[in-house]
Amino acid sequence: MASITASSSCLRSAAPQSRQIAAISKISGSKTVSFSYQGRNNFSSRRLQSLRISCAAKPETVEKVSRIVKKQLALPDDSTVNGESKFSTLGADSLDTVEIVMGLEEEFGISVEEESAQSITTVQEAADMIEDLILKKSA
């Protein structure tokens, strides 16, 4: 799952008579998203002040991942771990990250490819990846 945020993006139509706007934006390094608009009015540009598309993991998944991260890193009960928490900021090294991924695989009954495991840097990314894998597994 992904979270897309754009603020103050300007979209222009290639041909004013087509009354069509299209924008393609690079998201999360390798994913591409396309937006298009079909309108009746003749215009040369529209400004999107705030566009937010969020497909983030469920809060309970983020909470479960947070608990696993706290357990694997032996963090005190009063420490705060949430979706924005970075593994490196919490003191995790590469071995800790591998152990976190193994704990997630066991807890959620999934298998994480090595490439995906190496790209996870935050609790939110881990939760999003888990929900994506669960969705693919059930399909």
Side-chain angles (χ1 to χ4, degrees):
M1 304 224 156
S3 181
I4 304 167
T5 304
S7 55
S8 193
S9 296
C10 186
L11 309 174
R12 298 187 189 280
S13 65
Q17 66 274 17
S18 71
R19 296 182 191 145
Q20 190 175 53
I21 301 176
I24 298 176
S25 178
K26 193 130 171 116
I27 308 297
S28 301
S30 63
K31 297 178 183 173
T32 303
V33 66
S34 177
F35 301 96
S36 65
Y37 171 82
Q38 296 264 343
R40 293 178 178 247
N41 298 330
N42 190 7
F43 55 87
S44 60
S45 72
R46 293 279 186 213
R47 190 167 287 279
L48 300 174
Q49 294 302 320
S50 180
L51 169 65
R52 183 169 182 90
I53 301 171
S54 183
C55 304
K58 296 177 209 162
E60 49 276 10
T61 304
V62 175
E63 180 59 36
K64 215 175 205 184
V65 171
S66 296
R67 283 195 311 266
I68 292 167
V69 169
K70 282 174 95 169
K71 178 182 173 188
Q72 291 294 332
L73 297 177
L75 297 174
D77 290 335
D78 62 344
S79 61
T80 302
V81 178
N82 56 37
E84 292 80 35
S85 299
K86 292 185 178 186
F87 294 158
S88 59
T89 305
L90 296 172
D93 59 18
S94 58
L95 181 58
D96 291 323
T97 303
V98 169
E99 290 176 354
I100 290 168
V101 170
M102 289 171 55
L104 295 173
E105 288 177 324
E106 185 177 322
E107 178 68 28
F108 290 96
I110 57 171
S111 180
V112 179
E113 293 180 14
E114 189 175 337
E115 286 178 13
S116 297
Q118 292 175 352
S119 68
I120 300 169
T121 59
T122 67
V123 170
Q124 185 67 53
E125 289 173 0
D128 292 344
M129 180 206 58
I130 288 165
E131 288 199 357
D132 188 41
L133 288 172
I134 291 171
L135 185 65
K136 287 178 183 176
K137 186 178 177 181
S138 66

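Using modelled atom types, no side-chain atom of Lys137 and backbone atom of Ile110 make a donor-acceptor pair closer than 3.5 Å. The main-chain N or O of Ala56 is never found under 3.5 Å from a side-chain atom of Asp128 such that the two would form a donor-acceptor pair. Side-chain N or O atoms of Lys71 include none that pairs as donor or acceptor with a backbone N or O of Gly103 at under 3.5 Å.
Between the CD atom of Glu115 and the CD1 atom of Ile120 there is a distance of 12.5 Å, given to the nearest 0.5 Å. Separating the CE atom in Met129 from the CD1 atom in Ile134 is a distance of 9.5 Å, to the nearest 0.5 Å.
Taking all atoms of both residues into account, the shortest heavy-atom contact from Ile100 to Phe87 is CG2-CZ, 4.2 Å. Here the closest heavy-atom approach between residue Ser111 and residue Leu133 is recorded as O-CD1, 3.9 Å. Here the closest heavy-atom approach between residue Asp77 and residue Lys70 is recorded as O-NZ, 3.0 Å. In this structure, Ser116 and Ser119 approach most closely via the heavy-atom pair O-OG, 2.8 Å.
Between Val112 and the options Leu104, Ile130, Val101, a side-chain contact (heavy atoms from CB on, under 4.5 Å) holds for only Val101. The side-chain contact (heavy atoms from CB on, under 4.5 Å) with Ser85 is formed by just one residue from the set Val65, Val69, Leu90; it is Leu90.
Judged as a salt bridge (charged side-chain N to carboxylate O under 4.0 Å, His left out), and not counting sequence neighbours, Glu84 has no contacts. Under the salt bridge (charged side-chain N to carboxylate O under 4.0 Å, His left out) criterion, Lys64 pairs with Glu107, sequence neighbours left out.
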Is there a side chain to side chain contact (heavy atoms under 4.5 Å, CB included) between Val62 and Val123 once you walk through the steps?
-> CA-CA 7 Å; Val62 175; Val123 170; 4.1 Å; yes

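The cluster map of Ile, Leu, Val, Met, Phe, Trp and Tyr, joined by side-chain heavy atoms under 4.5 Å apart, puts Val98 and Phe108 in different clusters.
Applying the side-chain hydrogen bond (donor to acceptor under 3.5 Å, both in side chains) rule to pairs touching residues 88-106 yields nothing, sequence neighbours excluded.
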